[in-house]
Amino acid sequence: MRVLVTGGTGYIGSTAVDILISQGYEISILDDCSMGHADSVPAGVSFIKGSLLNAGDLAQALVGVDAVMHFAGKSLVGESVEKPDLYHQVNVNGSRNLLDQMHMSGVTKLVFSSSAATYGEPKVVPIVETAPTHPTNPYGATKLAIDQMITAESASRGIAAASLRYFNVAGALKSTRGWLAERHNPETHLIPNVLRSTAENPVKIFGSDWPTADGTCIRDYVHVVDLIDAHIKALESLQMGVHEIYNLGSGDGYSVREVVAAASKATGYEIPTIDSPRRAGDPAVLIADINKAKTKLGWRPTRDIETMVADTLASFS
Ligand code: UFG
């Protein structure tokens, strides 16, 4: 099966490419490299440096393709608050173009990178897929709009689709070409920031007065390799005319201070931190209910927070 990986040069997309190839899939990549890195493309893979906003690029990328894994998009919550139009243009209009070009090319299978940000501030945790969706930022709103577009598309044009709502993706994969890891600039994610913390520039803890046991936010971290395993299981379980939504997390929550403690253990020294004000838009607690992915996909995350921290640390060297 040939899979088009949009966003295949980014952190999560490049990990997907590597694992898909190792499992015998043929790969095409479409990426404008605005966030990703062309040097992550394996030799011999069909790579189109192009945009979801360009119909010609999409049509070219879809040649000979049986299914699409759609990772491409803008994904920074803070930036989305500053540039909501850009997020709508790239994420929503780009996905609309992809669906239209898939229809024209006769491609009917889609696995989409959605987000826990679609739920907004949850009333109940762990969060189930049927929970209300009230995104609190434009990024989450674009992911929800795309999920809804895919639901309509599966009903009207009969495509087979799955939206995977990621919680906090972390860790890295050691490939034959070196580590595939987060290479964001600026980096906003907790684990890489904690591991780069120094006495001169300590990692900021955004809020220590949250209504949690230690006063810091709780998140559900999932290893990127487990995440891609779920994508492949979702791809293999697609049914025509059906759009399934699955949460992907570990089902467990870790506070910011617990992540710092895991990093201190991994590095062998006390990570310097500085208590700072809350970050706008952060919910206190986000934990996934992953029972649907467990029962319907037969998926189990197997890599714990220590492994996520250790792999991220190893990827720096
Ligand atoms: N945090 C800090 N200091 C930092 C970075 C983060 O204290 O330097 C805290 C945040 O306030 C938050 C937690 O660590 O409580 C995790 O923050 P991240 O920025 O690593 O991740 P988020 O939970 O904000 O966002 C992630 C994805 C989003 C997605 C969201 C959905 O990056 O794309 O999960 O839950 F929308």
Side-chain angles (χ1 to χ4, degrees), residues 2-18 20 25-42 44-115 117 137-150 152-153 157 159 161 163-164 166 169 180 182-186 188 231:
R2 176 168 288 275
V3 180
L4 170 62
V5 180
T6 74
T9 77
Y11 164 50
I12 301 174
S14 65
T15 305
V17 165
D18 206 75
L20 284 163
Y25 293 88
E26 293 177 299
I27 300 298
S28 299
I29 295 175
L30 174 68
D31 201 315
D32 65 5
C33 295
S34 57
M35 292 294 285
H37 307 270
D39 63 8
S40 72
V41 176
V45 165
S46 160
F47 171 44
I48 287 136
K49 187 167 187 289
S51 169
L52 296 171
L53 300 174
N54 182 313
D57 292 346
L58 272 168
Q60 196 191 342
L62 283 162
V63 172
V65 160
D66 304 292
V68 177
M69 281 194 189
H70 178 29
F71 298 93
K74 306 216 67 80
S75 63
L76 297 176
V77 170
E79 184 186 55
S80 79
V81 175
E82 287 159 27
K83 301 176 185 170
D85 293 345
L86 175 69
Y87 272 65
H88 187 87
Q89 168 77 345
V90 174
N91 291 3
V92 181
N93 296 351
S95 299
R96 179 69 262 162
N97 290 346
L98 173 65
L99 289 169
D100 289 341
Q101 288 297 328
M102 283 174 63
H103 180 62
M104 281 187 245
S105 306
V107 180
T108 55
K109 293 182 175 180
L110 175 66
V111 177
F112 170 59
S113 303
S114 186
S115 171
N137 53 64
Y139 165 67
T142 64
K143 291 288 180 180
L144 180 60
I146 300 163
D147 281 349
Q148 291 167 341
M149 201 190 278
I150 296 171
E153 191 81 2
R157 288 174 171 169
I159 66 164
S163 287
L164 306 182
Y166 307 168
V169 186
L180 301 171
E182 295 197 65
R183 285 195 273 166
H184 300 129
N185 188 15
T188 62
H231 282 67

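What you see is a predicted model, and the numbers here were worked out from it, not measured in a lab.
- Judged by distance alone, the side chain of N97 and the main-chain N or O of L52 form a donor-acceptor pair under 3.5 Å.
- A perpendicular orientation is assigned to the rings of H184 and Y11, their planes being inclined by more than 60° (bins at 30° and 60°).
- For S113 (side chain) and H70 (main-chain N/O), a donor-acceptor pair under 3.5 Å exists by modelled atom type.
- Shown here for A161 and I150, the closest heavy-atom pair between the two residues is CB-CG2, 3.4 Å.
- Between Y25 and M69 there is no side-chain heavy-atom pair separated by less than 4.5 Å.
- Taking 4.5 Å as the limit, every side-chain heavy atom of V65 sits out of range of all side-chain heavy atoms of S105.
- With hydrogens and angles ignored, the 3.5 Å screen pairs no side-chain donor or acceptor of T9 with any backbone N or O of C33.
- For the side chain to side chain contact (heavy atoms under 4.5 Å, CB included) with L4, the lone residue among I27, L62, D66 that qualifies is L62.
- The two residues D31 and G10 have their closest heavy-atom pair at OD2-N, 3.8 Å.
- Side chain of K74 to main chain of M35: no donor-acceptor pair is present (N/O by atom type, distance under 3.5 Å, no hydrogens or angles).
- For the pair M149 and V92, the minimum side-chain heavy-atom distance is below 4.5 Å.
- A salt bridge links D100 with R96; the closest basic N to acidic carboxylate O contact falls under 4.0 Å.
- In terms of modelled atom types and a separation under 3.5 Å, the side chain of N91 and the main chain of G73 share no donor-acceptor contact.
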Residue pair T142, V90: steps toward the side-chain contact (heavy atoms from CB on, under 4.5 Å) verdict: CA-CA 9 Å; T142 64; V90 174; over 6 Å; no
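- A distance-only check finds no donor-acceptor pair linking the side chain of N93 to the backbone of L53 [under 3.5 Å].
- No donor-acceptor pair under 3.5 Å is formed between the side chain of S14 and the backbone N or O of G8.
- With V17 as the partner, the side chain to side chain contact (heavy atoms under 4.5 Å, CB included) test is satisfied by one option alone out of I12, V3, I29: I29.
- Looking only at side-chain heavy atoms (C-beta outward), L99 and L110 come within less than 4.5 Å of each other.
- Interatomic distance, CD1 of I146 versus CZ of F112, reported as 4.0 Å (0.5 Å rounding).
- V5 has its side chain out of reach of H231: every pair of non-hydrogen atoms, C-beta onward, lies at least 4.5 Å apart.
- Using a 3.5 Å distance cut-off with no hydrogens or angles, the side chains of E79 and Y139 do not pair a donor with an acceptor.
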